[in-house]
Structures are given as C-alpha cells and as structure tokens.
Amino acid sequence: MSADPFIAYNRPGTGEEEACAAAEQIRSGWLTTGPRTREFEQAFASAVDAPAAVAMSSCTAALEIALAAFNIGPGDEVIVPALTFASSAAVVVHRGATPVLVDVREEDFTIDPRAVREAVTPRTRVVMPVHYAGQPCLMDELTSIAAEHGLRLIEDAAHAVWAQDGGRIVGSIGDATAFSFYATKNLATGEGGMLTLTDASLADRARRLSLHGMSRDAWARYTAEGSYRYDIVELGYKANMTDIEAAVGLVQLRRLPEMQARREEIARRYNQAFAGEPLLCPPRVREGVRHAWHLYPLLLSRGIDRDAVLAGLKGRGVGTSVHFIPIHFHTYFRERFGWRPGQFPVAEDLFARELSLPLYPGLADHEVERVIEATLAAAKAAT
Ligand SMILES: *Cc1c(COP(=O)(O)O)cnc(C)c1O
C-alpha cells in the first residue's frame, strides 16, 4: 500500500558516542561491575536527586530486589495496577507474596488512589505505582495513603526517567524507584536498570542482593588489593550491571536532556495534530508534572475497532504497539489468582481503545507527519 520505507515503532537512540564508550570499556580490560558502574550510579543518583542508586541488570530485577530489601515475602500483599507490564506482578509472585490488582484512572492510565485505599488490608505492605507513559502517578495521594497505613512505595519508573511531580524528580519520591534501560526505553543500555533509594543505608544490602548475597564484589576480589575470600551472607540474585552497560549509560545520561527535548517536540506536534479530532483522544498531561514522554498513548473513541486501526497503520507503513494487555488477561495470572475479565473495567476499556505511536529522538519531522496522516486516515477508515 505504501511506497515509503516502513517507520519502525521504535529505533534505539544509541549512536557513535555510545559505541566508542563500549569499545573503550572493553579495551580497558574490565568488563563486569566495577568503577564505571559506580560512576554511573553516582551520576544517576545526582540526576534524579536520590540519596543512593544501585545499578541492576533490569528494571524487573530492581523491583524484585527492592521487595527483598524490604523483606517482603509470603503472607504479604503488594498493590499493583491492572494495566502494566507483566513484571510488576511477576516479581511479587517470585517473592512468594500476593499481588493485589487495582484499577487505573481513565484520565492518565495511572493507578487510582481511591482503588488503592479500598484494597488495603492488614496484610498490605507495599504499593507499586507505575508512571504510565512517563507521567507521574498521583504521588501526593499515594504518599498519604502509604503514611496512614505504614506501607512502602516502590515505584515502577521504567517509563519515567526525567519525569517530575511538582518540584520532585521521580527517583527521589517513594521509598524505592526502579528504572529500566531496556533497548526501547528513554535511556537505553540494551539491558539494564537502576534502583534508587530514599534511605541510603539500604543501598549496601540492595547491592549485595544483586550479587548472590556476597560480601565482596569482583572488584574487591580480583584487583591487586583483592582477596579470594567472600561469604554468602544471605540468599541473593544475579542481577548486577556490567561496566560495558554502565559506559553506554553514562553517555546516554549526558545526552538525556537533548533526547528528551526531541521527545517533547514530537509529542507536542502529535497533540496539536490530534486536538479536536472527534475520533481521537490525545494523552492528557496533568498540571505541574514533567512528562517523560516514553510513550505516546492515543485513545480511540468508543466503537472504533482498535485492531483495525493498527492494521491500517501497518498497511500505511507505520509500526505501532499497545500498552498494556491487562495483567488479569494473561493465562498464568488468571489461572493462578482467579481474576476474571470485568473486574477492572477502566483498565479493560483503555486496553481496548489504546494504541502507542512511534515516539523517539531519531524520528524525523517528515516521519512524524507521515504518522499523523496515516493515523487520521486509518481511524477514519475503521469507523
Ligand atoms: C519495560 C518495563 C519493565 C521492565 O523493564 P526491564 O528493564 O526490561 O526489566 C517494567 N515495567 C514497565 C512498566 C515497563 O515498561
């Protein structure tokens, strides 16, 4: 149908500088966790205003290790939004704790504080908000609920590096915040993650949990001053970051303001093009937040067949995605916890109507215009 080249849903923003940093790190002779990882942790902590940061192999690992660091396990309940990526619920199950799903807000797809309040029981220990698309959740409300009931806030900030809620940077708000550096994320190292903590005294334990529960890391064992001796002091994970990833991460962190400016520019253009279109509802940004624009989630009016629009976009040479298939629609979670369609109506309605358009720094202006034209045409054709 389209003679123009296909516009991929995502293309990583890593370039020559990142390639050089990775090559230089490999030539240095040190590959795994070491000084580069420490440098990245410090630079990241300072960028998000966090007292401490511990680098991990993924956001998923960071979430699970945060739960472990707060001793969350069997008998404990963790409140998770129904509209999120599977790992939010999976890490809770891996800890032997119980995920409790709650519905999200139609306005911005984030966890509904009223639903959180209703879901609290004497067993609740943690609320795990997800800053959907890069827009912070209602953190004031969630912080009050957590304080009232003595709960921990562990934030899934996979989309939200760069985001701010009022004057507070995401990463400095809740007890712990997990970031993702997966290939498609705003700051990408291929695979990788970061756990920030507002209580810096927990950082050593989180770091140890990320490396087998071992008393010394490789740097402390294999360098000239090192010793082979170590002790396994608790049951840990293998979730440390490599210095190669950290070298790439340092370049990406330096380039983040420039990459974010381009994301904001593209999002503004989409908003302008879709405003006033009766078939489409562009994302709404709350007053006083800085949106990280990881995703551009467009909502279709009820009655339009979303999958037909996706097919229409594909036919017009535009890649898209959907965020997210609700947790309770997945076979494993449904069978294990007995959740049924109909239980989280807002999440289900948003899932049925949402599509995510290409949004990344490397998207050229003429591609943005093609995405807009294709979206308008595909939505009209599906009505
Ligand atoms: C990408 C993503 C994750 C997982 O990140 P990894 O680094 O791949 O583990 C978790 N939660 C959300 C909301 C995500 O989008």
Side-chain angles (χ1 to χ4, degrees), residues 9-10 12-14 37 40 44 53-68 78-95 99 101-102 104-105 108-111 126-137 153-163 170-171 174 176-196 206 209-210 237-242 245-246 248-249 252 263 283 291-297 320-327 329-330 333 347 350-351 354-356 359-360:
Y9 170 66
N10 191 279
T14 40
T37 302
F40 185 36
F44 193 88
V54 184
M56 303 271 171
S57 56
S58 70
C59 176
T60 305
L63 288 170
E64 186 163 351
I65 285 170
L67 291 169
V78 177
I79 296 176
V80 174
L83 195 73
T84 181
F85 184 58
S87 61
S88 309
V91 293
V92 177
V93 183
H94 275 302
R95 288 298 306 160
L101 292 191
V102 300
V104 295
R105 288 155 36 87
D108 60 9
F109 303 67
T110 64
I111 195 165
V126 173
V127 183
M128 200 185 271
V130 177
H131 303 304
Y132 181 97
Q135 170 147 244
C137 298
L153 274 181
I154 300 179
E155 299 163 45
D156 179 333
H159 299 175
V161 64
W162 190 256
V170 169
T177 308
F179 294 88
S180 174
F181 308 138
Y182 178 66
T184 61
K185 300 287 156 73
N186 292 31
L187 190 166
T189 61
E191 298 285 354
M194 191 71 79
L195 180 65
T196 61
L209 281 165
S210 78
Y237 297 87
K238 181 64 166 76
N240 54 309
M241 177 177 277
T242 70
E245 290 161 334
V248 173
Q252 285 265 292
R263 283 181 183 273
H291 198 306
W293 291 113
H294 172 58
L295 306 176
Y296 190 87
T320 54
S321 189
V322 171
H323 296 87
F324 288 96
I325 301 167
I327 296 284
F329 281 15
H330 293 294
F333 292 110
L350 292 173
F351 165 61
E354 193 268 352
L355 64 128
S356 301
L359 175 58
Y360 43 93

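Quick note: residue numbers are just sequence positions, from 1. Note that ligands are numbered from 1 as they come in the structure, with each ligand's atoms numbered from 1 the same way.
- Residues Leu295 and Ser356 come closest through the heavy atom pair CD1-OG, 4.5 Å.
- Atom 9 (O) of ligand 1 has as its closest protein heavy atom Thr60 OG1, 2.5 Å.
- The protein heavy atom nearest to atom 11 (N) of ligand 1 is Asp156 OD2, 2.7 Å.
- For atom 7 (O) of ligand 1, the nearest non-hydrogen atom of the protein is Ser180 OG, 2.7 Å.
- Looking at every heavy atom in both residues, Ile111 comes nearest to Pro129 through CG2-CB, 4.0 Å.
- Residues Phe85 and His294 keep their aromatic ring centres 6.0 Å or farther apart.
- Polar contact check, Ser88 against ligand 1: no nitrogen or oxygen pair lies under 3.5 Å apart.
- Of the polar atoms of Leu63, none of the N or O atoms is found under 3.5 Å from an N or O of ligand 1, judged by distance alone.
- Proximity of Lys185 to ligand 1 is established by a heavy-atom distance of less than 4.0 Å.
- Within ligand 1, the atoms closer than 4.0 Å to a non-hydrogen atom of His159 are 13 (C), 14 (C), 15 (O), numbered from 1 in the order shown.
- At least one heavy atom of Ser87 sits less than 4.0 Å from an atom of ligand 1.
- At least one heavy atom of Gly192 sits less than 4.0 Å from an atom of ligand 1.
- Numbered from 1 in the order shown, with element, the atoms of ligand 1 that lie under 4.0 Å from a heavy atom of Ala158 read 2 (C), 3 (C), 10 (C), 11 (N), 12 (C), 14 (C), 15 (O).
- Tyr182 OH: 12 or fewer foreign heavy atoms inside a 6.0 Å radius.
- Ring planes of Tyr9 and His323: tilted class, angle from 30 to 60°.
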